[in-house]
Structure formats: C-alpha cells, structure tokens
There are 2 protein chains.
Amino acid sequence: MNGKIFIIEDEPSIIQLVQHNLEKNGFLVSSSLNGNDGLKELKKFQPDLLLLDWMLPDLSGIEICKNIRKDNSFKNLPVIMLTAKGEEEDKIKGLDSGVDDYLTKPFSFNELMARIKAVLRRSNPNTVSDNLKFDDLMLDRIEKRVFRDGQEIKLGPTEFRLLEFFLTNPKRVYSRDQILESVWPNNINVESRTIDVHIRRLRQSVNLKNKKELIRTVRSSGYSLI
Amino acid sequence: MNGKIFIIEDEPSIIQLVQHNLEKNGFLVSSSLNGNDGLKELKKFQPDLLLLDWMLPDLSGIEICKNIRKDNSFKNLPVIMLTAKGEEEDKIKGLDSGVDDYLTKPFSFNELMARIKAVLRRSNPNTVSDNLKFDDLMLDRIEKRVFRDGQEIKLGPTEFRLLEFFLTNPKRVYSRDQILESVWPNNINVESRTIDVHIRRLRQSVNLKNKKELIRTVRSSGYSLI
DNA sequence: TTAATTTGTAACAAAATTGTAACATTTAAA
DNA sequence: TTTAAATGTTACAATTTTGTTACAAATTAA
C-alpha cells in the first residue's frame, strides 16, 4: 500500500489515531486542524486522497470541497467525508457536492481502511495493492495466489483463507474458536479439531523443504504465525 | 504528563538541564553517560522513550539504536536522537536506523519538549498493546510470549497464567487461595500445595542463570514478584 | 456423467502438561 | 537445641492436548 493521504479534521485524537494507522499501512500522511490551513497545505502535499471533516472551526467540509473542485489540479482528487452522528440527513447533499464517500463517526479504522481502498482503487489503482506479506511469504488476495521465497505454493480454498486470516495479524495467537468464527462461513458448524487438520495441511504446503516452521502451536491457546 | 524517559548522553550539563526540566514536567527520568552502561540500565528502567546522543565515548548512537531494535522488548521504544551541529548530513541515516525524531544541539528545552510530546503521542496508541512489564521481564498477552532481558522464555500454559496474574500486580503478595481462584478455572479443585510446585516450575523457567530471583516467598502468606 | 479435489471426522499415536505424594530443607517458635 | 510447621524439590502416573493418517461424503471440474 502506498500513496499520500491528507486529513482535515479539528479533533486531534482522531488525526492521531488515523494518521498512525494509515502510516502503519504504508501511506504517507499529512494533516491540518482547520479548513484554511488545510487548503494551503493541500497544494504543497499533493495527496492522492483527502479525508475531510464535515464540521470545522472555520470552513465547512462542503465549502472546502467546492473550493477544491474549482482548482483544476484537484478536479479528480477523491474525497471521503467524515460526518458526526446526527448529520446523516445531509449525506446526500454531501455526495452531491463532489464527495466520493462518507463515513459516520465514530467509525472503526477497518471501516475507514476499506473505504479508502475502494475509493483509491477506482481513482488510482496503483496506490492499492492487496498483498499480504510476512517473512518470505506473500499472499495475493486478488489473484488468490501464495508465494514463499518467490516460489508459488498451491493451497486449497480453506488453507488459503486460513493463511489469509493469520496474515492479517501475524504473530498474534488465535484460539480455535476465533479461527472458526473468522475463517468458516458464519452458519456452518465444524468441530474445533477440524482446524488442527487444516493447520496440518497448511503446514505441509507452506513448509517447503529446508524452510523453517511458519505456524506456531501455542498449547491450550491456539495457533499463530511466527 | 507522565511516563519514563531515559537519557544516554555524555555531557553532564545537558543531562542535568534536561533531566531537571523533564522531571518538573512530571516525567520519571534516568540516564547514563555512555553507551554500554546505558544499554544495561535501559533494561532495568523500561522507559517509554529514549533520548540518545549521537556521539558517545564508546558506542555511537546508531549502534545503540540498532542494538536496541534487536531486543524484542524494545522493538517499539521511541527514540529521539540528539546530534551536534555539523552532523546534519547524517540525519537521513539516523532516521533510517529506526530513530523516530532528531534534534540538533544546541536546542531549547521547549523544542525538545514539543518533539517528546509528538513522539509519545504517536507511540502511545501503540503502547496499548497488551504487554505487561516488570523489571527486565516482559509478557506479551497477544503473542503469548515472555521475555526476560530480551530473551524468550518458554512457559507452559499454567506457568504463563500464573506469571500473567502476578504481573497485573507485581510486588503484591497473594495467598494460595487467591492464586487458585484467579489462575485456575472456576470449577476445578486442586490442592493448595500444587501451587508450590507450579511456582517452582515458574521459578525454574524465569530465573535464567545469573539472574536474581523474581518470585518471593512470604512465609505463611503466599508469593509475590519482587 | 465420471473423475478429481476438497472437506470433515474418527481413531490412534505422540507429546506436553498436570496434580499429587513422598521426602528434603528451611524457618520460626518453644 | 529441639520440634513442628511451612516450603522446596523430585519423580511419576494420569490426563489433556495436539499431530497424523485414513476414509467416506460432499463438492467441483472435466
């Protein structure tokens, strides 16, 4: 993941949280606490996407947005609007003014990330890559392929989902219940021991010869990547 | 303002000035005058941030920084590097080596304070990671791992829970009944002497050679960390 | 359709963990 | 000092947890 994201938001704690997490995800981030500063900084920063708060101390998000659209170099800058609860009735107005998406506070970072990806994929596919990497392992979510050390590994559907799940939080230990919930369809019921068998299958595929073990067993707790 | 800050800097007058002012601002501060001492003290002190001089009599700031990053319990310790004038061209190198920010001497205390705040603000959301620390011991609840002095210690499930329990209130003495209630599943019944055996096992794992005893026996009362 | 792949479970093997008893050592009190 | 209580230590059998394999049912591809 790469690309530049600019944030105009007057709540420092939100900026902090979002900025930190976006940076962890590989984005370059800059921000302003009010509209006028934001408009100036924006030109310097030349972002690929703008996160814009609805309510700002000086200008409203809408005004900023209209302002931006007047500027030729920002005609196509994607904007995601952040609105506080209770401003919902204005959503349509927001979308009319050239906003690409909106998000109601409070929101989870995952939600935000999903929107950002979706918008960026439309406007600038280069900035989004859905590859999960860990150690010498690489999982391509789009093409549904897995490589270790550059060499492709063939996985069955369940093994793929299992590995994908672990890769979203490598090193973290997941219980069998957590794994079941996240990797198996919501309605289906399988024995928790079934996981052990799939872990075994995943291990067999992933542990190419002369490669170190990738899946750690944590007795009485579950499994994790390592 | 609170938190612990460690300083490695060979100029006593700078240490004095900075330490005094930081303490006035509510920080707990400790320091060393050279790299080797610093690395040792660091482990004992478990700071939330490190101020690191670039030029030291023994190791360079860069070397120390690399050294620190190798240690699992310090992977995310924020570091602010202090460089003397004329070393500016090395700034990028400094940032590459895992430094979070730098400051060129001479600097005003206000400047330093602003950087510290900024860095801590960024790293603090990270500090919510479920790590329990005590002395040179670190327990990662997410990854289910324990480190002493940076070195991993393998524990069985019960030993892990036992240590986790003690770490939530280190130094506090717990009776065998309290330990039983909190560490063992609610329905199960075991002899209170069983705890002694598990304490013994925990001690054996945790007391790496040449390390001081971590678990204290309080006769007729129970056990605690120390 | 047939063939191939994938999936869940049972059954057994292997390994790790656990509780307890028995004995040793330390500590505090008499 | 002697004695009793508390704790340390060790060994071991029972139990729990996980690894592994085989196989039939279900699903998908050919």
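Note that the structure is predicted; figures quoted are calculated from it, not measured. Every chain is numbered from 1 and lettered A, B, ... according to where its sequence line falls, protein lines coming before strand lines.
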Student: Under the ring pair (Phe, Tyr, Trp, His ring centres under 6.0 Å) test, which residues partner A:Phe134, sequence neighbours left out?
Tutor: none
Student: Sequence neighbours left out, what passes side chain to side chain contact (heavy atoms under 4.5 Å, CB included) with B:Asn67? Give chain and number order.
Tutor: B:Leu39
Student: Respond yes when some side-chain nitrogen or oxygen of A:His198 is under 4.0 Å from OP1 or OP2 of C:dT7, and no when none is.
Tutor: no
Student: Rounded off to whole Å, could you give me the CG-to-P distance for the A:Leu180 and C:dG8 pair?
Tutor: 10 Å
Student: Would you say the side chains of B:Arg148 and B:Ser205 form a donor-acceptor pair under 3.5 Å?
Tutor: no
Student: Round to a whole Å and report the spacing from CZ of B:Phe160 to P of C:dA16.
Tutor: 19 Å
Student: Please identify each residue that fulfils side-chain hydrogen bond (donor to acceptor under 3.5 Å, both in side chains) with B:Glu164, with sequence neighbours left out.
Tutor: B:Arg141
Student: Roughly how bent is the helix from C:dT1-D:dA30 to C:dA30-D:dT1 end to end, in steps of 10 degrees, with each end axis from five pairs?
Tutor: 30°
Student: For B:Ile195 and D:dT9, what is the distance between atoms CD1 and P respectively, to the nearest whole Å?
Tutor: 17 Å
Student: Do any pairs count as a ring-ring contact (aromatic ring centres under 6.0 Å, His included) and have a residue in residues 141-167 of chain A, sequence neighbours left out, and if so which ones?
Tutor: A:Phe165-A:Tyr174
Student: Are B:Trp184 and C:dT18 close enough that a side-chain N or O sits under 4.0 Å from OP1 or OP2?
Tutor: no
Student: Name all residues meeting the side chain to side chain contact (heavy atoms under 4.5 Å, CB included) criterion together with A:Glu143; count only those two or more places apart in sequence or in a different chain, and write none if there are none.
Tutor: A:Asp140, A:Arg145
Student: Return the set of residues passing side-chain hydrogen bond (donor to acceptor under 3.5 Å, both in side chains) with B:Asp10 (not counting sequence neighbours), or none when no residue passes.
Tutor: none
Student: For B:Ser192, check side chain to side chain contact (heavy atoms under 4.5 Å, CB included) against everything at least two apart and list the hits.
Tutor: B:Arg176
Student: OP1 or OP2 of C:dT17 sitting under 4.0 Å from any side-chain N/O of B:Thr158?
Tutor: no
Student: I need the NZ-C1' distance between A:Lys154 and C:dT5, as an integer number of Å.
Tutor: 13 Å
Student: What protein N or O atoms touch nucleotides 27-29 of chain D N or O atoms at under 3.5 angstrom, if any, and at what distances?
Tutor:
none

Student: For the residue pair B:His198 and B:Trp184, categorise the inter-ring angle as parallel (less than 30°), tilted (30 to 60°) or perpendicular (more than 60°).
Tutor: perpendicular
Student: The criterion is side-chain hydrogen bond (donor to acceptor under 3.5 Å, both in side chains); which residues satisfy it with B:Glu41, sequence neighbours excluded?
Tutor: none
Student: CZ of B:Arg161 versus P of C:dT17: gap in Å, rounded?
Tutor: 12 Å
Student: Excluding sequence neighbours, so at least two apart, what forms side-chain hydrogen bond (donor to acceptor under 3.5 Å, both in side chains) with B:Asp135?
Tutor: B:Lys212
Student: Using the 3.5 Å cut-off, write out each protein N or O paired with an N or O of nucleotides 16-21 of chain D and the distance between them.
Tutor:
unit_1	atom_1	unit_2	atom_2	d
D:dT17	O2	A:Arg219	NH2	2.7
D:dT18	OP1	A:Ser220	N	2.6
D:dT18	OP2	A:Arg176	NH1	3.1
D:dT18	OP2	A:Arg176	NH2	3.3
D:dT18	O5'	A:Arg176	NH2	3.4
D:dG19	OP1	A:Arg203	NH1	2.9
D:dG19	OP1	A:Thr217	OG1	2.7
D:dG19	OP2	A:Tyr223	OH	2.6
D:dG19	N7	A:Arg193	NH2	2.7
D:dG19	O6	A:Arg193	NH1	3.4
D:dG19	O6	A:Arg193	NH2	3.0
D:dT21	OP2	A:Arg200	NH2	2.0

